[in-house]
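What follows is one structure encoded as structure tokens, with my remarks underneath.
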Amino acid sequence: MDKIDVRTAPVIANDQVAPDMFLLRVQGAFPAKPGQFYMLRAWGINPPLSRPMSVFDRTDKLLSFLYAMQGQGTQLLARLLPGDKLVLFGPLGNGWNQQGDQIALVGGGSGIAPLFYTAKVFGKVDVYLGFHAKPFLLRTFEQVAKQLYVSSESGENGQKGLISNVFQPHGYDTCYACGPYAMLEALRHPCQNAGVPLFVSLEERMACGIGACLGCMVRTTQGLRRVCQDGPVFRAKDVIWDD
Amino acid sequence: MDKIDVRTAPVIANDQVAPDMFLLRVQGAFPAKPGQFYMLRAWGINPPLSRPMSVFDRTDKLLSFLYAMQGQGTQLLARLLPGDKLVLFGPLGNGWNQQGDQIALVGGGSGIAPLFYTAKVFGKVDVYLGFHAKPFLLRTFEQVAKQLYVSSESGENGQKGLISNVFQPHGYDTCYACGPYAMLEALRHPCQNAGVPLFVSLEERMACGIGACLGCMVRTTQGLRRVCQDGPVFRAKDVIWDD
Amino acid sequence: MINLSVQIGNLALRNPVIAASGTFGFGQEYSQLYDTSRLGAICTKGLTLHPQQGNPGPRLWETPCGLLNSIGLQNPGVTSFVEEDLPKMKEMGLVVIANVWGNTVKEYGQVVRKLSNTSVDAIEINISCPNIPGQPITGEQIARTARVVREARKACKKPLWVKLSPTGEGSSLQLARAIQAEGANAVCAANTFRAMAIDITERKPVFRNIFAGLSGPAIKPITLGIVYELSLALEIPVIGVGGITNWQDAVEFIMAGAYAVQIGTANFIDPFCGIKITEGLTTFMENESIKSWEDIRGCAHQ
Amino acid sequence: MINLSVQIGNLALRNPVIAASGTFGFGQEYSQLYDTSRLGAICTKGLTLHPQQGNPGPRLWETPCGLLNSIGLQNPGVTSFVEEDLPKMKEMGLVVIANVWGNTVKEYGQVVRKLSNTSVDAIEINISCPNIPGQPITGEQIARTARVVREARKACKKPLWVKLSPTGEGSSLQLARAIQAEGANAVCAANTFRAMAIDITERKPVFRNIFAGLSGPAIKPITLGIVYELSLALEIPVIGVGGITNWQDAVEFIMAGAYAVQIGTANFIDPFCGIKITEGLTTFMENESIKSWEDIRGCAHQ
Ligand SMILES: Cc1cc2nc3c(=O)[nH]c(=O)nc-3n(C[C@H](O)[C@H](O)[C@H](O)COP(=O)(O)OP(=O)(O)OC[C@H]3O[C@@H](n4cnc5c(N)ncnc54)[C@H](O)[C@@H]3O)c2cc1C
Ligand SMILES: Cc1cc2nc3c(=O)[nH]c(=O)nc-3n(C[C@H](O)[C@H](O)[C@H](O)COP(=O)(O)OP(=O)(O)OC[C@H]3O[C@@H](n4cnc5c(N)ncnc54)[C@H](O)[C@@H]3O)c2cc1C
Ligand SMILES: Cc1cc2nc3c(=O)[nH]c(=O)nc-3n(C[C@H](O)[C@H](O)[C@H](O)COP(=O)(O)O)c2cc1C
Ligand SMILES: Cc1cc2nc3c(=O)[nH]c(=O)nc-3n(C[C@H](O)[C@H](O)[C@H](O)COP(=O)(O)O)c2cc1C
Ligand code: FES
Ligand code: FES
């Protein structure tokens with residue numbers, strides 16, 4: 001595993017790509033596998049906790065995050081200007097392990113964030129993106145997707161409705177999904193019925209980010225697991241969903 | 001009195017004018033008399049208190065502050081960039097009342113801050129500035145001073161030593177002073193002996209800034225007084241100095 | 001029309017947002033900023049029988065999301081308040097809650113008696129100031145507290161509120177029940193926490209009294225818990241105070257069972273805080289179609 | 001050479017910076033970041049007789065400069081700890097303080113007995129977890145606490161530390177003196193504060209247990225005051241814990257009388273916090289020509 005470290009990196013850009021969605025790029029060579037995340041902060045002791053964010057993209061020169069502006073931490077992130085400093089702790093978590101040839105990545109809402117770098121690294125994967133409102137970053141995703149499927153409530157630039165209705169598991173070797181609980185839920189049965197292994201990236205509130213505080217547990221068939229250290233990626237069938 | 005208000009104003013500039021000294025300019029027409037101050041903040045709830053800062057200068061279009069970067073609040077102020085927002089609460093305090101024709105303003109350290117606007121408004125006053133290290137903003141002060149006297153530890157650009165040693169009260173109708181306690185102390189007896197009324201601007205920790213919390217009291221011959229509301233300017237002879 | 005009003009025993013307030021004692025003077029200062037009669041009520045600075053000078057400085061110290069104060073009940077004394085300050089407050093249309101401190105049990109009675117025949121709207125007994133030297137937190141002594149409340153009750157024709165300490169027995173249910181039994185009309189939870197700071201350069205405590213009182217956002221989760229417990233245990237209304245900074249905090253306290261909230265340190269964070277909270281509460285009631293605070297008061301109890 | 005070492009009863013630590021229980025696992029995780037044997041010691045996650053699952057989620061909630069947690073003592077049980085985790089910790093050269101919780105008085109004894117014959121360096125009895133449902137803060141019952149300590153003392157050949165609650169009688173001098181009388185070698189002050197949060201959208205408490213434990217910078221001024229008082233009142237060493245975030249905080253606690261400090265929530269603010277504090281303390285001793293902590297320990301007492 002790549003060494004986990006805390007680093008301070010200069011912000012290159014922090015662009016608003018949709019209402020309440022920002023693409024934050026920082027300078028530097030950071031190690032990270034698809035599906036891994038960093039704990040981010042750009043403030044002192046308040047709020048006390050850093051914010052977990054998946055790697056949206058990385059190169060030898062930069063690392064980027066796609067995030068939804070919501071509460072106080074992400075509001076502070078959204079204020080960052082080029083030249084400001086971001087503190088990064090990572091890379092954390094297990095990430096996705098490529099398995100099979102025909103791969104589908106399904107993302108909903110801010111859950112589309114980890115899919116770009118994943119598609120880029122895996123290569124030749126179909127990408128399904130579900131948006132609440134107007135879709136964004138489609139050109140960006142087109143560059144790395146074999147096929148790009150898009151849906152939103154309005155149907156703008158794609159189909160109308162939920163991405164879990166658009167996605168059909170048949171023909172895929174594996175499916176990787178990240179998004180709201182309801183979306184993951186909706187993918188489970190189709191994948192199970194089609195015999196397609198489904199891997200999901202989960203979200204829980206995190207304090208330490210490395211498995212020490214036991215704050216981010218998820219119930220699995222193997223017992224309690226730490227989302228930060230044992231996940232965030234789990235096999236859907238291992239997760240106990242009736243929570 | 002001008003109406004006290006809370007306003008948010010855009011930062012025009014926040015220039016470092018000496019090591020740890022910054023000149024912060026914000027846009028807008030703010031009312032303020034010489035010697036008055038504002039409570040400044042540029043952060044959320046931590047630190048909880050705003051920072052009292054004297055008006056360095058004002059015009060119809062801008063308001064400026066000269067401040068020493070020290071603890072966490074002023075460190076956050078020092079990070080402000082043009083376009084950022086500053087929250088201002090004021091104008092507060094009594095300020096100086098012009099009295100007599102031959103006026104001396106004496107400032108030491110960050111206590112020079114209120115003297116620029118005072119000199120500009122009063123007109124034709126002698127200004128004495130004491131610096132710890134290398135003097136700064138001398139050209140700026142020259143524009144508003146009848147005579148400018150400068151001293152510092154090194155003697156660079158002026159005399160060597162304390163400004164309280166340079167200043168001679170004889171011939172002045174009134175003296176206004178702002179600076180460290182030791183400087184104010186050192187001015188008291190010469191002024192008293194020369195029969196020159198001395199007005200001092202005091203500093204105390206402040207919470208409310210308008211006289212409601214009783215956090216900033218100073219002992220005077222008339223009893224306890226609030227530095228924020230009854231001051232910050234007091235007649236030196238009214239202050240009980242043996243604290 | 002949204003109705004924010006609230007009934008605390010006999011006392012009706014136009015809204016549940018009260019300025020906390022010691023942070024709002026006698027209402028004059030903040031009236032330079034806005035019409036303070038738009039607040040539900042204003043608690044005065046703590047009043048004692050005789051004028052008090054309070055503590056020597058420093059009186060304030062910042063902590064993470066908190067404020068330590070060691071004002072030490074500086075006040076002009078109850079007589080001067082009644083003659084000078086109260087008329088001005090009433091003229092401005094303020095609902096006045098007189099906050100009272102007694103250096104002895106008897107003094108509580110004396111101060112309350114002086115206030116009882118005036119136009120103050122209620123009396124709030126402070127049994128929990130951590131800033132009086134040599135004085136243990138009186139809230140820690142159930143028996144004495146009961147005597148204080150009894151004495152005050154006897155002297156008082158007005159609504160009588162009792163302001164608890166957040167620690168020690170001062171916050172215990174047993175103490176609160178004793179206070180209720182003595183006839184208090186409401187309890188306020190809570191005062192500042194006994195706490196301290198050390199100046200590491202000077203190598204000594206920052207405050208002359210060593211201990212001071214901690215207030216501000218830092219303490220909110222603790223006082224919220226106290227209010228939750230007290231409002232389950234008591235029949236009389238509980239008023240929340242401690243760290244409330246925005247309307248969301250106020251709603252948390254109301255859902256925990258509070259009839260009203262007091263705003264202290266947050267006035268220093270934003271001088272318009274009190275007004276903003278009333279505005280936020282109005283919008284909240286509107287958006288959630290809440291007709292009366294009774295619809296949601298204590299709804300977090302399980 | 002700067003000497004940061006400290007002697008707590010029989011136990012010598014290379015420096016006074018200890019990782020607090022529950023925030024540092026069994027030391028493995030942070031060892032991915034730095035050599036954790038550079039810390040004075042590491043307190044383990046609370047150990048119980050049998051494995052425990054802990055509380056259902058959510059387990060974490062942010063507050064102003066603070067953190068509410070409701071982990072609920074999830075742990076693999078003392079036996080598994082002794083077999084699996086302890087050997088790894090000792091191999092890494094860590095000084096291990098085993099933190100212990102008992103669901104009954106007897107259980108405290110049983111867990112302590114199991115640990116007493118192992119290579120742990122000290123045992124820290126947690127009598128103050130606010131996260132066990134239905135369980136009152138045991139620190140609030142002097143008599144029961146004395147029995148717990150007596151039971152543990154009997155079972156324990158190691159240094160025995162007792163970790164207090166910050167509120168209620170748990171922090172009272174009377175309780176601390178009782179603990180001292182039962183033969184504890186040190187007290188740790190303090191654990192998290194009983195506190196809560198309400199989700200105003202859901203209109204119910206955030207945590208299933210309603211109450212959770214508040215930690216972090218927010219509480220520092222209160223725990224500092226407790227340490228100051230305890231270290232004046234007790235003969236045995238006091239260890240400070242609660243909100244310590246930087247070396248200046250650590251120095252405040254030492255000047256208040258603490259022999260060592262524990263770092264909890266601050267590890268989440270900055271994972272290198274513990275190491276940075278030891279470095280800051282080194283520079284501080286250097287700059288101030290302090291030879292030994294005894295030169296300044298308790299210097300703020302007046
Ligand atoms: C492994 C992982 C990867 C993530 N990747 C992304 C991403 O790439 N893009 C993105 O937009 N979001 C991502 N999230 C969710 C993101 O962490 C939260 O939206 C964010 O922490 C909310 O912070 P806030 O300041 O807006 O909210 P606040 O309400 O201020 O947060 C309060 C606390 O709750 C935590 N919290 C709130 N919502 C969540 C959540 N959904 N998941 C975890 N913690 C939460 C915060 O981290 C903080 O500790 C990820 C979450 C996890 C666990
Ligand atoms: C009326 C008035 C006018 C002032 N004008 C100026 C000015 O024009 N330029 C300038 O550089 N300084 C001025 N000061 C001093 C300035 O307010 C403090 O230097 C500043 O508040 C320190 O904040 P900090 O964040 O650096 O320190 P911190 O250590 O973080 O401050 C902690 C708390 O102590 C208070 N505090 C610390 N030092 C002082 C002090 N000397 N006076 C008052 N409160 C203090 C802070 O406001 C804060 O509440 C003035 C003070 C007063 C009372
Ligand atoms: C500067 C200051 C002075 C105070 N004076 C009093 C007082 O005189 N009487 C009293 O009962 N409480 C007093 N308090 C306590 C407050 O009324 C309130 O209970 C406490 O600050 C907690 O609320 P907060 O966190 O909203 O400030 C004072 C608080 C502060 C900060
Ligand atoms: C996530 C978490 C888990 C904790 N678990 C335990 C525990 O198992 N046993 C214990 O005695 N204290 C436990 N504590 C309390 C800490 O050890 C410490 O006493 C408290 O957090 C105050 O210190 P801090 O402000 O530095 O975090 C826990 C604290 C946190 C934040
Ligand atoms: S966040 Fe601490 S264990 Fe996962
Ligand atoms: S700062 Fe509140 S009275 Fe002066």
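A, B, ... follow the sequence lines: proteins, then strands. Residue 1 opens every chain.
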### Message
For A300(C) versus I198(D), what's the shortest heavy-atom pair and its separation?
### Response
CB-CD1, 3.7 Å
### Task
Pick whichever of W61(D), F253(D), Y228(D) has the most heavy-atom pairs under 4.5 Å with chain C.
Y228(D)
### Minimal non-hydrogen separation, C65(D) against C65(C), with atom names
SG-SG, 2.9 Å
### Message
Shorter than 4.5 Å, heavy atoms on both sides: which option in A256(D), A218(D), P64(D) has the most such pairs with chain C?
### Response
P64(D)
### Contacting moiety of E288(C), where chain D heavy atoms sit under 4.5 Å
both
## Note on the structure
Assert top hit (heavy-atom pairs under 4.5 Å, partner chain C, pool P205(D), P217(D), C299(D)) equals P205(D)
### Message
Around atom CD of E235(D), are there more than 12 heavy atoms from other residues, nucleotides or ligands closer than 6.0 Å?
### Response
no
## Note on the structure
The reported gap from CG in D199(D) to CD in Q248(C) (rounded to nearest 0.5 angstrom) is 11.5 Å
### Message
Quick check on I210(C) against chain D: is it the side chain, the backbone, both or neither that has a heavy atom closer than 4.5 Å?
### Response
side chain
### Summary
Rounded to the nearest 0.5 angstrom, the CE-CD1 distance for M196(C) and I222(D) is 13.0 Å
### Task
Select, from G225(C), G66(C), P221(C), the one with the greatest count of heavy-atom pairs under 4.5 Å involving chain D.
P221(C)
### Query
Can you tell me how far the CD1 atom of I219(C) sits from the OG1 atom of T63(D), to the nearest 0.5 Å?
11.5 Å
### Task
With rounding to the nearest 0.5 Å, note down the distance linking CD1 in I226(D) to CZ in F193(C).
10.0 Å
### Task
Could you tell me which of H301(D), K220(D), R203(D) has the largest number of non-hydrogen atom pairs under 4.5 Å with chain C?
R203(D)
### Message
Which heavy atom of L224(C) sits nearest to which heavy atom of A197(D), and what is that distance?
### Response
CD2-CA, 3.8 Å
